[in-house]
Structures are given as C-alpha cells and as structure tokens.
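The shown structure was predicted, so the numbers you read here are calculated from the model rather than taken from an experiment.
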Amino acid sequence: LTNPATPCQVTGSFTLVNNATIYGVGSMQVKSGGAIATNSLERATIQVTGDLTVENGGTLNGNFTVQAQNITVAATGVIK
C-alpha cells in the first residue's frame, strides 16, 4: 500500500505465510470475493494507517493481529 488517497482493494484470495505482515499507508478494502487467510496454526499481521473494511462477500479467515484506525465489517462480510 503506497497511496493514502487510494485504498488497497483485495479482490482475490491470498494465504499469508506464518508471521507475514501486510503494511501500508492508507486504507484496505476486502471486496466481495476477496479473501485473506492464514493456515490454521499460523498467524499474520495487517497494519494500515487508515481503515480496514471487510465488505459484503469479503473474508478474513485465520489468526490475525490487526492495527487500523477503524475496522468495519459489512453485514455479510466475514471475520473468522
């Protein structure tokens, strides 16, 4: 993430390796059909200076430490 005026939009599926960090200046949106995951016994960090939004149909699935100004999960967005 490099442009604070343009949110990073996650539209595909990504599985992060153990102890991975997603870091960015600005916001991140997990869009419909977008997914970020970890394997069951692994963990990862999402650190953004703006907001993290999981939109309808978006998913965070795994063991995450999240740092963001605000975290919003839409009605059919999923964090598990």
Side-chain angles (χ1 to χ4, degrees):
L1 304 172
T2 58
N3 185 349
T6 305
C8 171
Q9 298 182 358
V10 178
T11 57
S13 295
F14 303 92
T15 300
L16 303 179
V17 298
N18 194 35
N19 296 317
T21 299
I22 297 174
Y23 174 79
V25 176
S27 297
M28 175 184 283
Q29 300 169 337
V30 182
K31 307 292 267 182
S32 179
I36 302 174
T38 65
N39 291 319
S40 63
L41 297 177
E42 298 180 344
R43 68 179 69 186
T45 300
I46 299 173
Q47 183 178 1
V48 294
T49 60
D51 300 333
L52 173 64
T53 303
V54 180
E55 296 185 356
N56 288 324
T59 304
L60 287 181
N61 183 10
N63 186 10
F64 294 97
T65 299
V66 177
Q67 295 176 331
Q69 284 186 350
N70 297 292
I71 299 170
T72 303
V73 181
T76 62
V78 177
I79 294 181
K80 59 179 184 173

Test side-chain contact (heavy atoms from CB on, under 4.5 Å) applied to I36 and L16, step by step: CA-CA 7 Å; I36 302 174; L16 303 179; 3.8 Å; yes
Can you pull the salt bridge (Lys or Arg N to Asp or Glu O under 4.0 Å) pairs that have at least one residue in [range], sequence neighbours excluded?
range	result
residues 21-41	K31-E55
residues 59-71	none
residues 43-54	none
residues 61-80	none

same_hphob_cluster(V30, V78) at 4.5 Å side-chain heavy-atom cutoff: no
Cluster check V54, F14: I/L/V/M/F/W/Y, side chain < 4.5 angstrom: yes
Residue pair G33 / S13: nearest heavy atoms and the distance that separates them: O-OG, 4.3 Å
For A44 against V17, the heavy-atom pair lying closest together: CB-O, 4.5 Å
E42: side chain to side chain contact (heavy atoms under 4.5 Å, CB included) partners, not counting sequence neighbours: N18, N39
For T76, side chain to side chain contact (heavy atoms under 4.5 Å, CB included) partners two or more places apart: N56
Test side-chain contact (heavy atoms from CB on, under 4.5 Å) applied to I22 and M28, step by step: CA-CA 10 Å; I22 297 174; M28 175 184 283; 3.4 Å; yes
Would you be so kind as to tabulate the donor-acceptor pairs closer than 3.5 Å made by side chains of residues 59-69, with sequence neighbours excluded?
| from | atom 1 | to | atom 2 | distance (Å) |
| --- | --- | --- | --- | --- |
| Q67 | OE1 | Q47 | NE2 | 3.2 |
| Q69 | NE2 | T49 | O | 3.3 |

